[in-house]
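Residue numbers run from 1 in the order of the sequence given. Atoms within a ligand are numbered from 1 in the order they appear, just like the ligands themselves.
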Amino acid sequence: MHDPNCIFCKIIAGTIPSNTLYEDDGVVAFHDINPAAPVHFLLVPKRHIATLAAVEPGDQALLGKMLALVPRLAEQLGCGDGFKTVINTGPNGGQEVYHLHLHVLGGPRPWKRATI
Ligand code: AMP
Ligand code: ZN
């Protein structure tokens, strides 16, 4: 369930701090520490799933719940004019933290970085 070496598992466990904006029994959302846009938060499952490539058929409800949460949270953060949703997967996908996470970016353009 938890990987003791995983930075997002540590955030979920509360052993390292984060700027949390949403939590329920299955997922946590917190602001990205190095935001690429005026609004940049991450939505992660509480259970350690390393990448999108590691999801199993039993994760369908969890993934659907995460995606359905995105517009609600984005709206709460003032992203009424739109937002970008990104999941980096594996080395060629540019993934740096190996705990599945969904990036949500928004706010007025131009943004700090074009890609994440
Ligand atoms: P990725 O390249 O998709 O794996 O993205 C990892 C993201 O995690 C980057 O945008 C980092 O800025 C972000 N990140 C890394 N450590 C932390 C942390 N302690 N709190 C919040 N965000 C973090
Ligand atoms: Zn983890």
Tell me which protein heavy atom sits closest to [atom], plus the residue, atom name and distance to 0.1 Å.
atom: atom 22 (N) of ligand 1; answer: I33 N, 3.1 Å
atom: atom 2 (O) of ligand 1; answer: G94 O, 3.1 Å
atom: atom 12 (O) of ligand 1; answer: D32 OD1, 2.5 Å
atom: atom 1 (P) of ligand 1; answer: H101 NE2, 3.1 Å
atom: atom 4 (O) of ligand 1; answer: E96 N, 2.7 Å

### Task
Among residues two or more places apart or on two chains, list those pairs meeting salt bridge (charged side-chain N to carboxylate O under 4.0 Å, His left out) that have a residue in residues 33-47.
E23-K46, R47-D59

### Task
Determine which pairs satisfy ring-ring contact (aromatic ring centres under 6.0 Å, His included) with at least one residue from residues 42-70, sequence neighbours left out, and list them in order.
H48-H99

### Query
Taking distance alone, with no angle check, do H40 and ligand 1 share an N/O pair under 3.5 Å?
no

#### Entry: Atoms of ligand 1 close to I7 [distance to a heavy atom under 4.0 angstrom, numbered from 1]
16 (N), 19 (N)

### Message
If the cut-off is 4.0 Å to any non-hydrogen atom of H103, which atoms of ligand 1 fall inside it?
### Response
1 (P), 3 (O), 5 (O), 7 (C), 10 (O)

### Message
I want to verify a count. Protein N, O or S atoms less than 2.8 Å away from the Zn ion (ligand 2), how many are there?
### Response
4

Enumerate, atom names and distances included, each donor-acceptor pair closer than 3.5 Å involving a side-chain atom of residues 76-97, sequence neighbours excluded.
residue	atom	partner	partner atom	Å
Q95	OE1	G90	N	2.9
Q95	NE2	A50	O	3.0
Q95	NE2	V97	O	2.9

